[in-house]
Amino acid sequence: MFTKQGPTVRELAVQALSSTERGYDLLAPKFDETPYRTPDRVLDAVTRAVRELGPFDTGLDVCCGTGAGIGVLRQLCRERAVGVDFSAGMLAEARAALPPGSEGPAVHWVRADARSLPFAPAFDLALSFGAFGHFLPAERFGLFAEVYGSLRPGGQFVFPLGAPPPVGSRAYWSLFGFDAAMRVRNALWRPRFVMYYRTFRLGDVLEDLTQAGFVVRLLPLTELGLRPDGSPRARLVLATREGQDVSGGS
């Protein structure tokens, strides 16, 4: 699961007993050596699927971490890509990995809380990878509304969503156990570290996106595999802010 260059058990314990923000500041230098980084095959599948929806001029990576999603936006956007995250440590790693002057669209990094994004409607495309477990269900609508307000009319918010593991499977009990342990930790220890795997359920997500104003559809990411019943192991959630962009964007 972890490479030799990844965090030690002691480092993970210290991070887990910190706040969410401080925990990621501590984890940042070794984050890309952990299984928490979105796998390249997922990034590549999303890139190929979203390319068919373009072209795009400007893109926003919500909760960008060390910048994996910015790599996707640099392939899809012609003018500008912006990564936003609340962890100064993660942003420092992202900046170091992509020095100024790199080829492709201009890249900017912004430190901000995704629950209060500091952007006018300026983006044609927003995406996010692996961050939604850090938001409690009650915060989800507000997060989606912030993304909606950052998109131009016609702009699209996309993210991959894996199918839940079968009830009773090893993966099911692994995620169940992790979330249970995290709930106990947060009940007994402050500051909280918010990270849950089983709170981002498709039906609830679609409802919150719709209430935030998006028109939503699902695209199968079949190259990531199929379940035994033939359904995709992952889908791309495609949420569109309807309306015509008079500025001439996508």
Side-chain angles (χ1 to χ4, degrees), residues 6-7 11-12 14-34 36-38 43 46 56-77 79-102 104-136 138-152 155-159 186 190-196 200 212 241:
E11 288 172 331
L12 287 172
V14 171
Q15 293 153 11
L17 293 175
S18 305
S19 67
T20 313
E21 180 179 350
R22 177 58 178 160
Y24 272 96
D25 285 346
L26 293 170
L27 180 61
K30 298 182 178 181
F31 179 80
D32 286 349
E33 302 297 332
T34 74
Y36 307 133
R37 182 190 184 276
T38 302
L43 299 172
V46 170
F56 306 99
D57 289 333
T58 56
L60 176 66
D61 183 3
V62 181
C63 305
C64 65
T66 55
I70 286 293
V72 174
L73 292 177
R74 292 181 70 234
Q75 298 178 66
L76 298 174
C77 297
E79 297 179 2
R80 182 167 60 109
V82 177
V84 60
D85 203 283
F86 75 161
S87 167
M90 299 292 270
L91 289 172
E93 294 298 315
R95 289 190 182 96
L98 187 67
S102 300
V107 175
H108 304 278
W109 308 100
V110 177
R111 186 182 181 193
D113 192 320
R115 294 167 295 189
S116 183
L117 292 173
F119 306 115
F123 298 97
D124 304 314
L125 174 66
L127 51 72
S128 191
F129 292 96
F132 297 122
H134 297 302
F135 299 92
L136 298 173
E139 299 172 318
R140 193 167 49 228
F141 166 80
L143 169 67
F144 293 161
E146 288 294 312
V147 176
Y148 183 92
S150 301
L151 289 169
R152 294 171 177 163
Q156 300 177 78
F157 178 32
V158 302
F159 52 88
N186 287 331
R190 291 292 185 274
R192 295 185 304 174
F193 189 99
V194 178
M195 179 64 226
Y196 299 105
F200 202 71
R241 174 172 177 168

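Source: prediction; values computed, not measured.
One finds the CG atom of Leu136 at 11.5 Å from the NE2 atom of His134 (value rounded to the nearest 0.5 Å). Taking CZ of Arg22 as the start and CG of Leu27 as the end, the distance is 11.5 Å to the nearest 0.5 Å. Expressed to the nearest 0.5 Å, how far CZ of Phe157 lies from OG of Ser128 amounts to 5.5 Å. Between the CZ atom of Phe129 and the SG atom of Cys63 there is a distance of 12.5 Å, given to the nearest 0.5 Å.
Without hydrogens or angle criteria, Asp57 side chain to Arg80 main chain gives no donor-acceptor distance under 3.5 Å. Put simply, the side chain of Glu33 never gets that close to the backbone of Lys30: no donor and acceptor are under 3.5 Å apart. Under the 3.5 Å distance criterion, the side-chain polar atoms of Arg241 are matched with a main-chain donor or acceptor of Tyr148. Counting only distance, with no hydrogens or angles, the side chain of Asp25 and the backbone of Ala88 share a donor-acceptor pair below 3.5 Å. Side chain of Glu93 to backbone of Thr66: no donor-acceptor contact under 3.5 angstrom is found. A donor-acceptor pair under 3.5 Å is absent between the side-chain atoms of Arg115 and the main chain of Leu143, judged by distance alone. Side-chain atoms of Asp85 come within 3.5 Å of backbone atoms of Gly65 as a donor-acceptor pair (strictly under, hydrogens ignored). Not one N or O on the side chain of Glu146 forms a donor-acceptor pair closer than 3.5 Å with the backbone of Gly142. In this structure a side-chain-to-backbone donor-acceptor pair under 3.5 Å is present from Thr58 to Ala122.
The heavy-atom pair separating Ile70 from Gly83 by the smallest distance is CD1-N, 3.6 Å. Residues Gly67 and Ala94 share a closest heavy-atom pair of N-CB, 4.1 Å. The nearest pair of heavy atoms linking Phe193 to Ser19 is CD1-O, 3.6 Å. Nearest heavy-atom pair across Pro7 and Thr34 is CD-CG2, 3.5 Å. The minimum heavy-atom distance between Ser150 and Phe119, with the atom names listed, is OG-CB, 3.8 Å. Counting all heavy atoms, side chain and backbone alike, Cys77 lies closest to Leu125 at SG-CD2, 4.5 Å.
The shortest side-chain heavy-atom distance between Glu11 and Val14 does not fall under the 4.5 Å cut-off. Taking 4.5 Å as the limit, every side-chain heavy atom of Pro105 sits out of range of all side-chain heavy atoms of Glu79. Using a 4.5 Å heavy-atom threshold, the side chains of Val62 and Leu127 count as separate. With contacts defined as side-chain heavy-atom distances shorter than 4.5 Å, the pair Leu98/Trp109 qualifies. Put simply, the side chain of Tyr36 does not reach to within 4.5 Å of the side chain of Tyr24, judged on heavy atoms. In this structure, Phe123 and Leu73 have side chains that are not in contact, with every pair of non-hydrogen atoms separated by 4.5 Å or more.
The side-chain tip of Arg140 does not point at the ring of Phe135 from less than 6.0 angstrom away and within 45° of straight on.
Between Phe144 and Phe132, the ring planes are perpendicular. Angles over 60° get that label, and only those under 30° would be called parallel.
Taking a cutoff of 4.0 Å between a charged side-chain nitrogen and a carboxylate oxygen, Asp124 and Arg152 qualify as a salt bridge.
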Apply side-chain contact (heavy atoms from CB on, under 4.5 Å) to the pair Leu43 and Gln75, showing each step before the final yes or no. CA-CA 11 Å; Leu43 299 172; Gln75 298 178 66; over 6 Å; no

_If you apply the rule side-chain contact (heavy atoms from CB on, under 4.5 Å), what do you find for Cys64 with Val82, and how did you get there?_
CA-CA 9 Å; Cys64 65; Val82 177; over 6 Å; no

